Amino acid sequence: LTAVSLQAAIDPKALAAQSELTAYRQRVKALVETDLAPLVDGTDDELYGSSVLRLLEEPSNYLLHGPSGSAKTFHLHHLAFALAAGDRELPFFIDAKRYTGGDFWHLLRQLLATYSPSDPKQLLSAMQLSGYRPVLLIDALNELAESLRADFMKGALAFVLHFDARAIVTAQDPTITLGGLQTTPVLLKLPNKVQKRQIYAYYAEVPPTPEL
């Protein structure tokens, strides 16, 4: 037996939507979790690890910025997993540097194919029917060619406005924006020695001893 909502129990369309979203959530969690080091927290009031995730889960748009090596993508992957495990929002992960121009939806279809056999609009309809909000996770916007950035931003902004979505962007440049979309900047500093040691130890499969 599988637990479903009351609406899904009496409406075949709602049941199909819930089943589609459950499969999508499970696939996102499984793929994102692969080779993902555990979240490493900061010390005291340092904005790192779970404190970053708690902030990014607030209902706003954010620009996660910082120098190369500040674990922006690492935190974005953990956020994608947390959203997929929740019951309010679902992530749409976009690797900005893979955009080569043209229709934004073409890129979205390509990237979504890893997580779902459905067309993005079909998946979005299922989300609206089930009461979920989409969250556009745009990674490494600074790596997108500047000549393509305007068209990419128009497509992303149209997605956000049309589907009442949130957007969370990572970039090295804190001045990057998504057109007219207001984003709250969040600065990530480089990880300290303890945090680096724990992440490295996970991938090296060795204990995180001080000698490491």
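Being a predicted model, the structure only gives us computed values, none of them experimental.
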Considering all heavy atoms of both residues, which atom of [X] and which atom of [Y] are nearest to each other, and what is their separation?
X	Y	result
L108	P120	CD2-CB, 3.9 Å
S118	L112	O-CD2, 4.1 Å
R27	Y115	CG-O, 3.3 Å
V28	P91	CG1-CG, 4.1 Å
P207	A201	C-CB, 4.1 Å
I176	A171	CD1-CB, 3.9 Å

> With distance as the sole criterion, is a donor-acceptor pair present between the side chains of T209 and E211 under 3.5 Å?
Replying inline: yes
> Are side-chain N/O atoms of Y132 and R25 paired as donor and acceptor at under 3.5 Å?
Replying inline: yes
>> Could you walk me through whether E143 and Q172 satisfy the side-chain contact (heavy atoms from CB on, under 4.5 Å) test, starting with their C-alpha distance in whole Å, then the side-chain angles of each, then the deciding distance to 0.1 Å, before giving a yes or no?
In response: CA-CA 9 Å; E143 296 184 29; Q172 292 182 18; 5.6 Å; no
[atom2] on [Y] to [atom1] on [X], rounded to 0.5 Å:
X	Y	atom1	atom2	answer
L107	D95	CG	CG	8.0 Å
L56	L83	CG	CG	9.0 Å
I94	L137	CD1	CG	8.5 Å
L123	M127	CG	CE	6.5 Å
K193	R197	NZ	CZ	8.5 Å
L141	K97	CG	NZ	11.5 Å

>> Using side-chain contact (heavy atoms from CB on, under 4.5 Å), reason through R133 and D164 one step at a time and then give a plain yes or no.
In response: CA-CA 7 Å; R133 187 183 190 187; D164 188 31; 3.7 Å; yes
> When Y62 is tested against each of V169, T183, V52, L55 for side-chain contact (heavy atoms from CB on, under 4.5 Å), which residue passes?
Replying inline: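 It is L55, the one option of V169, T183, V52, L55 that forms the side-chain contact (heavy atoms from CB on, under 4.5 Å) with Y62.
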>> Which residue is it: V186, L76, T184, I138? I am looking for the one with a side-chain contact (heavy atoms from CB on, under 4.5 Å) to I168.
In response: L76
Is a side-chain N or O of [X] found less than 3.5 angstrom from the main chain of [Y], in a donor-acceptor match?
X	Y	answer
H106	G102	no
Q198	Q195	no
H78	A37	yes
D41	G49	no
N61	R166	no

>> So that I know where these two stand, are H77 and F81 an aromatic pair - ring centroids less than 6.0 Å apart?
In response: no
>> Tell me if the aromatic rings of F159 and F92 count as close, with their centers under 6.0 Å from one another.
In response: yes
Does [atom1] belonging to [X] count more than 12 external heavy atoms closer than 6.0 Å?
X	atom1	answer
K29	NZ	yes
D173	CG	yes
R149	CZ	yes

With a 4.5 Å limit on heavy-atom distance, are the side chains of [X] and [Y] in contact?
X	Y	value
E89	P134	no
P191	V40	no
L64	L188	yes

According to a hydrophobic-cluster definition based on side-chain heavy atoms being under 4.5 Å apart (Ile, Leu, Val, Met, Phe, Trp, Tyr only), do [X] and [Y] belong together?
X	Y	answer
L161	L63	yes
Y24	L31	yes
L36	L39	yes
I199	V194	no
L21	F163	yes

>> Among N142, D139, T73, exactly one meets side-chain hydrogen bond (donor to acceptor under 3.5 Å, both in side chains) together with T170. Which residue is that?
In response: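 That would be D139; it is the only one of N142, D139, T73 passing the side-chain hydrogen bond (donor to acceptor under 3.5 Å, both in side chains) with T170.
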> Stepwise, does the side-chain contact (heavy atoms from CB on, under 4.5 Å) test hold for V32 with F93?
Replying inline: CA-CA 10 Å; V32 170; F93 198 89; over 6 Å; no
>> Could you walk me through whether K154 and F104 satisfy the side-chain contact (heavy atoms from CB on, under 4.5 Å) test, starting with their C-alpha distance in whole Å, then the side-chain angles of each, then the deciding distance to 0.1 Å, before giving a yes or no?
In response: CA-CA 9 Å; K154 286 179 183 177; F104 179 81; over 6 Å; no
